Protein chains: 2
Amino acid sequence: MAQVRPMRADARRNYERLLKVAAEAFAEHGENASLDDIAKRAGVGSGTLYRHFPTRQALLEAAYVERIEALGTRADELAKELPPGEALAEWLYEVCVGTIQVRGMKALLGSAVMDGSQAALTACATSMKGAAQRLVEAAQREGTLRQDIEPIEVLRLAHGVSTASELANGQGKHIRRYLSLLTDGLRPSSAG
Amino acid sequence: MAQVRPMRADARRNYERLLKVAAEAFAEHGENASLDDIAKRAGVGSGTLYRHFPTRQALLEAAYVERIEALGTRADELAKELPPGEALAEWLYEVCVGTIQVRGMKALLGSAVMDGSQAALTACATSMKGAAQRLVEAAQREGTLRQDIEPIEVLRLAHGVSTASELANGQGKHIRRYLSLLTDGLRPSSAG
DNA sequence: TACTAAACGGAGACAGTCCCCGCTTATTTC
DNA sequence: GAAATAAGCGGGGACTGTCTCCGTTTAGTA
């Protein structure tokens with residue numbers, strides 16, 4: 001394997017600054033924050049930005065990997081603390097909250113679970129899918145989640161729930177409700 | 001009431017052409033089709049386009065009202081043909097299909113059911129919400145839909161289902177499945 | 001200190017939005 | 001039919017954003 005020579009000091013510095021500024025900008029203006037503006041705020045030319053991050057996706061991804069990987073870790077914590085079904089439910093809740101509250105993460109998570117997206121191979125995607133798989137399989141073993149459903153489908157449906165909650169425009173106030181509608185179904189409960 | 005003087009013949013002509021071209025363009029390039037390009041293809045200046053349709057939303061709406069109102073009519077047809085629960089299910093399916101297949105309609109339907117959107121007062125929004133209300137209330141009376149859910153929530157959830165199906169990227173192949181997951185819930189069926 | 005490859009940065013080509021305002025024309029009036 | 005007029009046209013241009021190219025600068029090395 002070719003030895004990867006370490007980044008030059010100035011390059012590393014710029015890279016870090018760009019990431020920091022980008023995270024702020026995406027949080028503030030959403031996924032369409034101006035890239036030239038991010039470069040400017042980071043005190044570099046736009047050429048530098050595009051060299052480090054060839055696409056908006058790449059920058060978005062880099063800016064939020066940590067947060068996404070934290071969701072992966074969180075999945076395992078929840079798996080230890082709660083019974084599988086509840087762990088899955090709570091994890092999906094936290095995923096949805098992140099999706100809505102951190103502007104810019106929606107696009108990223110979306111393309112991570114999108115069939116045919118190049119992003120499907122990225123660290124974010126891998127980490128999300130891994131976490132989902134562990135929780136889903138556990139819940140299925142436990143018998144609280146139907147067998148005929150794939151981990152990635154659960155992620156896609158969660159994304160759908162985020163979309164629905166977003167339309168209700170309450171800073172995520174409706175996530176719990178819509179998630180439980182999805183879990184319980186739209187039919188009247190047998191208890192009702 | 002002030003008498004509304006009819007549009008001048010040339011104005012009406014341009015208006016019609018713009019609508020026709022816009023519907024094509026949105027279908028082809030999605031909701032972000034270039035407006036100047038639409039003007040050009042319709043053989044008018046961009047000023048003319050912006051005079052008739054001050055915002056992209058306005059154009060989108062005008063281009064698709066008919067189709068949306070057809071969905072309203074369709075709701076009533078289905079209500080006659082099928083028992084309420086099934087009518088609602090089938091109608092939601094058709095709504096989702098439209099949302100996905102006709103590029104550009106997603107944004108429109110989305111803002112129609114979005115809380116706090118100006119579009120919430122438009123013809124599209126009214127017609128969709130009316131149709132949803134009729135079907136939802138019938139299904140609730142019949143007892144096949146839980147009582148604690150609002151018509152607009154059903155529309156939002158359907159929009160979520162469209163989003164999820166879109167991520168699965170099969171030209172709507174997954175709509176039926178995701179819609180029934182929503183209807184039945186994610187728990188194992190009592191039959192299984 | 002001198003060399004070199006890596007990295008920088010910003011000008012500029014391009015695409016999109018949207019407004020402004022001088023010009024054109026459909027309609028009305030006589 | 002000609003003149004008057006207001007409704008409507010249209011494209012130039014200011015602005016914002018993307019992304020590339022290439023001459024210049026600089027970190028790392030010997």
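Per chain, numbering begins at 1; letters A, B, ... match sequence-line order. All values below come from the heavy atoms of this structure, side chains included, with hydrogens, waters and symmetry mates left out. Just so we're clear, the structure is a prediction, and the values are computed from it rather than from any experiment.
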Salt-bridge criterion met for [X] and [Y] (N-O under 4.0 Å):
X: B/D76; Y: B/K80; value: no
X: B/K20; Y: B/E16; value: no
X: A/E31; Y: A/K106; value: no

When you measure from the side chain of [X], which nucleotide among [options] comes out closest?
X: B/L35; options: D/dG10, C/dC8, C/dC18; answer: C/dC18
X: B/A9; options: D/dC9, D/dT18, C/dA26; answer: C/dA26
X: A/H52; options: D/dG10, D/dT18, C/dC8; answer: C/dC8
X: B/R8; options: C/dA7, C/dG16, D/dG8; answer: D/dG8
X: A/D10; options: D/dG8, C/dG9, C/dA7; answer: C/dA7

Checklist entry - Can the positive tip of B/R156 be found less than 6.0 Å from the middle of the six-membered ring of A/Y178, inside 45° of the ring normal? => result no

Checklist entry - For B/Y50 and B/R13, take the nucleotide of DNA chain C holding the closest heavy atom to each; which residue's nucleotide lies nearer the 5' end? => result B/Y50

Heavy atoms only, 4.0 Å cut-off, all strands: where does [X] land among base, sugar-phosphate and nothing?
X: A/R51; value: base
X: A/S34; value: sugar-phosphate
X: A/D37; value: nothing

If I take atom [atom1] in residue [X] and atom [atom2] in nucleotide [N], what distance separates them, rounded to the nearest angstrom?
X: B/R56; N: C/dC19; atom1: CZ; atom2: P; value: 13 Å
X: A/L60; N: D/dT18; atom1: CG; atom2: P; value: 13 Å
X: A/K40; N: C/dC8; atom1: NZ; atom2: P; value: 17 Å
X: A/I38; N: D/dT16; atom1: CD1; atom2: P; value: 17 Å
X: A/L49; N: D/dT20; atom1: CG; atom2: P; value: 12 Å
X: A/F53; N: D/dT20; atom1: CZ; atom2: P; value: 16 Å
X: A/N32; N: D/dT16; atom1: CG; atom2: P; value: 17 Å
X: A/R12; N: C/dA6; atom1: CZ; atom2: P; value: 17 Å

Next on the checklist: Between B/Q57 and B/E61, do the side chains contain a donor N or O and an acceptor N or O under 3.5 Å apart?
Outcome noted: no

Next on the checklist: Could you check whether B/S127 and B/E69, counting side-chain N and O atoms only, form a donor-acceptor pair closer than 3.5 Å?
Outcome noted: no

Checklist entry - Are any of A/N14's side-chain N or O atoms less than 4.0 Å away from OP1 or OP2 of C/dC8? => result yes

Checklist entry - Would you say C/dG9 has OP1 or OP2 under 4.0 Å from some side-chain N or O of A/T48? => result yes

Checklist entry - Is any side-chain N or O of A/D36 under 3.5 Å from a base N or O of D/dC19, one able to act as donor and the other as acceptor? => result yes

Checklist entry - Which sits closer to the 5' end of DNA chain D, B/S46 or B/M7, going by the nucleotide each is nearest to? => result B/M7

